[in-house]
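Structure first, then comments.
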Amino acid sequence: MGNWTARYITNPEGTPDGSTPPSFDPMYGFPNGRKERVMIATEKEMVAAKIPVENRDYCAHKLIDYKQCRQEVWPWTYQCAHEKHAYLTCQYEDYIIRMKEYEREKRLLRRNQNIQGHV
């Protein structure tokens with residue numbers, strides 16, 4: 001509820017929209033540059049593994065490994081605990097990266113507001 005209030009009522013100009021790409025240069029504030037995220041799994045691999053569209057993210061390669069393991073050891077899927085843990089850890093780390101990007105965008109928007117004298 002707090003994000004909704006800030007987004008639509010208290011500070012709509014200073015709250016980023018999570019459904020749009022960042023409005024600032026991704027290298028801004030990183031003098032030595034930053035590592036670009038790349039997809040490891042290809043589109044063909046994801047289609048062949050029947051990965052749903054909503055799961056085709058930076059962790060798709062871990063999901064492919066997990067699904068393949070489950071297929072190989074069925075019905076003893078508990079043997080794929082390592083692959084499942086690797087996939088869930090990747091999902092968590094991806095979430096953390098996205099939240100950091102959101103906060104970065106929010107701080108840069110707030111900085112622009114302060115520079116322009118709005119807040």
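Each residue takes its place number in the sequence, starting with 1. All values reported here derive from a predicted model rather than from experimental measurement.
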Shared hydrophobic cluster, Ile97 / Tyr92 (ILVMFWY, side-chain heavy atoms < 4.5 Å): no

Path from Phe24 to Tyr102 over hydrophobic side-chain contacts below 4.5 Å: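 Different clusters: Phe24 never reaches Tyr102 through Ile, Leu, Val, Met, Phe, Trp or Tyr contacts under 4.5 Å.
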
Under-4.0 Å salt bridge between Glu83 and Arg70: no

What's the separation between atom [atom1] in [X] and atom [atom2] in [Y], rounded to the nearest 0.5 Å?
X     : Y     : atom1 : atom2 : value
Lys62 : His85 : NZ    : NE2   : 10.0 Å
Cys90 : Tyr66 : SG    : OH    : 14.5 Å
Ile64 : Cys59 : CD1   : SG    : 11.5 Å

Stepwise side-chain contact (heavy atoms from CB on, under 4.5 Å) test for Met39 and Met46: CA-CA 11 Å; Met39 288 286 296; Met46 291 186 280; 3.9 Å; yes

Beyond-backbone contact of Thr77 with Lys84, side-chain heavy atoms, under 4.5 angstrom: no

Might you point out which heavy atoms bring [X] and [Y] nearest each other, and give the distance in Å?
X     : Y      : value
Tyr28 : Leu108 : CE2-CD2, 3.6 Å
Asp25 : Arg104 : O-NH2, 3.1 Å
Gly29 : Pro31  : O-CD, 3.4 Å
Ile40 : Glu45  : O-OE1, 4.1 Å
Ala41 : His61  : CB-N, 3.9 Å

Tyr87 side chain to Gln91 side chain, donor-acceptor N/O pair below 3.5 angstrom: yes

Side chain to side chain contact (heavy atoms under 4.5 Å, CB included), paired with Glu103, selected from Lys100, Glu105, Arg107: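 The single option meeting the side chain to side chain contact (heavy atoms under 4.5 Å, CB included) with Glu103 is Arg107.
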
NZ or CZ of Arg34 within 45° of Phe30 ring axis and under 6.0 Å: yes

Main-chain N/O of Ile51 paired to Arg56 side chain as donor or acceptor, under 3.5 Å: yes

